[in-house]
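Data first, discussion second: the structure below is written as structure tokens.
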Amino acid sequence: MSAEPHYTLYHPRWYRRRVSVWWWLQKRSYTGFVLRELTSIFVAFFAVVYLWQLRALTQGPEAYEQFLARLATPLFLALDTVAFLFVLFHAITWFNLTPKAMVVRWRGKRVPDWLILGLNYAAWLVLSGAVAFVLLRE
Amino acid sequence: MPSSVALTVSRYRPERESEPTFQTYEIPFRKDWVVLDALNHVKDSLDGSLSFRWSCRMGVCGSCGMKVNGTPKLTCATFLADYVPGPIRVEPLDYFPVVRDLVVDLTDFMRKLKQVKPWIIRKEEKAPGDGEYLQTPDQLDTYKQFSMCINCMLCYSACPIYGLEPSFIGPAAIALAQRYNMDSRDEGAAERLKILSEHDGIWQCTFVGECTKVCPKHVDPAGAIQQYKLTGATNWVKSLLLPWSTR
Amino acid sequence: MDLFTCDVLVVGGGGAGLRAAIAVAETHPKLRVSVISKVYPMRSHTVSAEGGAAAVIKAEDSLDEHAYDTISGGDWLTDQDAVEAFVREAPEEMLRLEHWGCPWSREPDGHIAVRPFGGMKIERTWFAADKTGFHLLHTLFQTTLKYQAIERFDEFFVTKLLVDEGRCQGVVAIELSTGQIRTIIAKAVILCTGGCGKVFPFTTNANIKNGDGMALAYRAGAPLKDMEFVQYHPTGLPFTGILITEAARAEGGWLLNKDGYRYLQDYDLGKPTPKPVLRSMELGPRDRLSQCFVKEQEKGRTLEGPYGHYVHLDIRHLGEKLIDRKIPFVRELCLKYVGIDPVKEMIPVRPVVHYMMGGIHTDIHGATPVRGLYAAGEAACVSINGANRLGSNSLTEILVFGARAGRAAAAFAAEQAGASSSLAAQAGDEQRRLEEGFLRKNGGSERIAMLRAEMHQIMEESAGIYRTETALKEATGKLKRLQERFQDLSLDDHSHTFNTELTAALELSYMLDVAQTILHSALERRESRGSHQRTDYPQRDDERFLAHSLAYRAEDDSPRIEYRPVTITRWPPGKRVYGR
């Protein structure tokens, strides 16, 4: 039973529901959204690793070998895999949202969403292919 | 198909209680009935004290927005057949203060709507006798989608940012501002930019995208906001690099 | 009791009300104008209008043509001076709306596009896809936001007009969110509360169309004019009554009976052609089309479904592209509410109540016989619609006469002194009536839904498309008993906060009053004209009935019917001819 209401004639109290701290668990799409936002941490993680790699390069071949050895440890491999999955999730969710944010009009008509999406994914594939080609040439 | 279904409705009577409670009613199931028909059956035959808003019952006036099984919906366009065997839970929209039963207070939105100046702003107006402003069908197309907003507030009820930060201007208001910004007859984009790029404007939005999901008229307010962020950002860069051009 | 004051009070926030408020703000910027509405303005029923708004704009069109179409469409019961003013001011009003941002559909070169519409000889119906009313209302509402002088009382339910010293001086209203009774004193009041379609069981009208303003004016001593003229729209969906716009026929839709036959050709409406011909077949006037349905039903050539008889509206031959461009809302509504795609299947339709030609009697400036009381829109009867309204004239009417009433009310208010002193006492009486009659009353055996259903049955049976003397006479007696039983109403909700059962009861009392005026007016008009068809008097009788009926409230609360001649200027009464 609810407590006695504070009511004076013609002055009803409005009810304001508190937003729970766990609001983001209440709906699948909310949880997906929060995970998407969290992926930024893993993107930052890769950026830091990359900077660390550059630093190791400038310090000479032994430092670089040491760096590569650290990357091969099981802990780091696990971390890397998790981070990679999150960054993939990051890329896919943001690509899917691109047509919303970028409205391109050509000859007065709006370019359809699937075309914008397709072009983004195509560019990603081409660039990834080019990078892979360069790196795996040996 | 069952012959009846249970409707669990949120009740709030501020003169008697300090919190909402739930009350369940058994209503006949009809294939053609929408949730609104069920609520009207309750009001007409079971409990005349149930208060809710409704008017057109064809999805164009925006009065009957409520939560059905947790999702904001227009109850005049939500069929019972999609929810049987039930029970079906009907609650007032989230993130608005509840006045009574399923009725929420909308003054916050009304104030924000006025803030974004949703009218044609021009330096010089034509007299009606001078004829219409020309606007090609393609020009009409650029803003038409955003003009379809029926102010039903489902988007506000779906937006977690609005729930966490009630001062956020919100999806519908920004979509309507964008509707005027993109109208070829309007010249008020600069005036609206000031309001929209404030702290509670577009930058509060983190593109959750729920607003677009629940919008019954396919207005795509999330799209409107993201597109406007591009405009807002471009203007900010321009104001830094070429301060004289944005005056 | 709380007291507010303003100079001009507009009751009703739909197209007419908002246009009136803007007119006051623009012509008399120093006056304070308030708009009071029982719903938020963007919920007003103007929002559901679909087809379009008529105004002369094409070079081959002329004001006289528009006037003639309107006058003949109204079966010569229109006041021709009002029609002449209406067609003259229509184009300017519509252009003003365009300047305010209304997204009218366009020709490829950027000019306003027009479409054909029922009863019109030349295309002159402006449209915004098929959501014209929606765009019109939202444009008007958003435009009112820029005027500081316009104040709003949203969700205030007016229960009484305050009349003293022969002048209307304000209203008493319930503030819905708190239940407090408020008094608003004004120097002029404009009633823009819309029609009363909910008096009938099957209607395109929203729940809020209960004839509030009509009943308020009637109780305050103003007469209701031409109440017997109820328009049935030929194409509403069975069960829900949702409107399928006339534009579907204007773009080329066909009405087919159960044999797939375009039955309108049997009723002197022209010959069927593949493309629509104006003022012919499916583009005939609404009253004739609805009457054809009843005749087909009597011949057994309509289809029968779980919700009564219906016919088919076929738009399949228009093609998906045209449907999605010109009438997308029709497709949306059919998919949602009937579960059919009109691109591939035929739409089940039947006539449903749509519009009240009748209303509060006003002159061509929107003034009622009660000083200080004005009216505009569907709530008023000027009359430009006469015995039958042409589609797309109403949206223009609310703009033209909303502006006229606004200007006239503002001019009147600017010359008034203060309010009289007995208003507070009147308001106090009203508060007591509401408290004792509804909120604090215990016992009672009648239920709102029961009485409303019985009223619906009476109106459907006796005030339908075809009427007879005996049915009408019996109906007036039955309705009077309903009004007596209303006094014994019992409510479940005795609270103050947002009590919608109380407002439903008050709306029912308005509807009962208005229904009585419809029945009595229909009974006394012993002729057939336009949408009022008497099987016992099947001919038009210009000798006795080229006149408007005026329903006054008599001492015994029944309506007293008088007559007022129609104003004829340049178009003497002739035959109504369509399809030739």
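When reading the values below, keep in mind they use all heavy atoms of this one structure, side chains included, and skip hydrogens, waters and symmetry mates. Proteins come first, then strands; the chains are lettered A, B, ... in the order of their sequence lines, and each starts at number 1.
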Test item: Gln142(C) and Lys114(B) side chains (from C-beta on) under 4.5 Å apart, heavy atoms: no
Heavy-atom contact with chain C under 4.5 Å, split by part of Val103(B): side chain
Under 4.5 Å from a heavy atom of chain B, the part of Phe239(C) involved: side chain
Side chain, backbone, both or neither of Tyr337(C) within contact of chain B (heavy atoms, under 4.5 Å): both
Nearest-0.5 Å distance, CG of residue Asn207(C) to SG of residue Cys64(B): 11.5 Å
Selection from Ser48(C), Gly133(C), Gly101(C), Pro306(C) maximising heavy-atom pairs under 4.5 Å formed with chain B: Gly101(C)
Contact class of Arg179(B) relative to chain C, heavy atoms under 4.5 angstrom: side chain
Full working for side chain to side chain contact (heavy atoms under 4.5 Å, CB included) between Arg100(B) and Asp493(C): CA-CA 12 Å; Arg100(B) 165 83 196 267; Asp493(C) 196 351; 3.0 Å; yes
Under 4.5 Å from a heavy atom of chain C, the part of Lys117(B) involved: neither
Lys217(B) NZ to Phe329(C) CZ distance, which is reported to the nearest 0.5 Å: 4.5 Å
Interface residue of largest heavy-atom contact number with chain B, from Thr143(C), Ile208(C), Ile112(C), under 4.5 Å: Ile112(C)
Per-residue contact mode, Leu491(C) against chain B (heavy atom under 4.5 angstrom): neither
Nearest-0.5 Å distance, CE of residue Met148(B) to CZ of residue Phe134(C): 6.5 Å
Under 4.5 Å from any heavy atom of chain C - which part of Met110(B): side chain
Residue pairs passing the side chain to side chain donor-acceptor pair (under 3.5 Å) test where at least one lies in residues 444-454 of chain C, sequence neighbours excluded: Asp44(B)-Arg452(C), Ser445(C)-Asp488(C), Glu446(C)-Arg485(C), Arg447(C)-Ser490(C), Arg447(C)-Asp492(C), Glu454(C)-Arg485(C)
Sidechain-backbone polar pair: Lys126(B) side chain, His99(C) backbone, donor-acceptor under 3.5 Å: no
Tyr307(C) side chain to Asp32(B) side chain, donor-acceptor N/O pair below 3.5 angstrom: yes
Part of Cys76(B) within contact of chain C (heavy atom distance under 4.5 Å): both
Max heavy-atom pair count under 4.5 Å with chain C, selected residue of Asp37(B), Leu50(B), Leu106(B): Leu106(B)
Contacting moiety of Pro108(C), where chain B heavy atoms sit under 4.5 Å: backbone
Portion of Arg57(B) that has a non-hydrogen atom of chain C nearer than 4.5 angstrom: both
Main-chain N/O of Cys61(B) paired with Arg43(C) side-chain donor or acceptor, under 3.5 Å: yes
Validation row: Leu176(B), His138(C) side chains within 4.5 angstrom (heavy atoms): no
Note, Ser177(C) side chain near Asp105(B) side chain (heavy atom, < 4.5 Å): no
Heavy-atom contact with chain C under 4.5 Å, split by part of Arg13(B): neither
Spatial distance of atom CG (Asn205(C)) from atom OG (Ser55(B)) [nearest 0.5 Å]: 9.5 Å
Spacing of Lys144(B) atom NZ and His135(C) atom NE2 [to the nearest 0.5 Å]: 6.0 Å
Greatest number of heavy atom pairs closer than 4.5 Å to chain B - which of Lys131(C), Lys336(C), Met94(C): Lys336(C)
Under 4.5 Å from any heavy atom of chain C - which part of Lys31(B): neither
Contacting region of Ile150(B) [heavy-atom separation from chain C under 4.5 Å]: both
Which portion of Glu93(C) sits near chain B, non-hydrogen atoms under 4.5 angstrom: neither
Within 6.0 angstrom of Lys73(B) NZ, more than 12 heavy atoms from elsewhere: no
Under 4.5 Å from any heavy atom of chain C - which part of Pro14(B): side chain
Residue among Asp109(C), Thr240(C), Thr139(C), Val39(C) with most heavy-atom pairs under 4.5 Å to chain B: Thr240(C)
Rounded distance [0.5 Å steps], CZ in Phe498(C) versus OH in Tyr12(B): 14.5 Å
Partners passing side chain to side chain contact (heavy atoms under 4.5 Å, CB included) against Glu15(B) (at least two apart in sequence or in another chain): Tyr7(A), Ser495(C), His496(C), Thr497(C)
Asn151(B), part contacting chain C, at a heavy-atom distance under 4.5 Å: both
Short side-chain to backbone donor-acceptor contact, Glu98(C) and Tyr133(B), under 3.5 Å: yes
Exercise: identify the closest heavy-atom pair between Asn499(C) and Ser51(B): CA-OG, 4.4 Å
Arg106(C) and Glu132(B), any side-chain heavy atoms less than 4.5 Å apart: yes
Structural part of Thr107(B) lying under 4.5 Å from a heavy atom of chain C: both
Residue Ile242(C) versus chain B: region with a heavy atom under 4.5 Å: both
Contact origin within Phe52(B) toward chain C - heavy atom pairs under 4.5 Å: backbone
Pick from Ser184(B), Gly131(B), Gly129(B), Ser45(B) with the largest number of heavy-atom pairs that fall under 4.5 Å of chain C: Gly131(B)
Ser44(C) portion near chain B, given a 4.5 angstrom heavy-atom threshold: neither
Pairwise side-chain contact, Met58(B) with Glu50(C), heavy-atom cut-off 4.5 Å (strictly under): yes
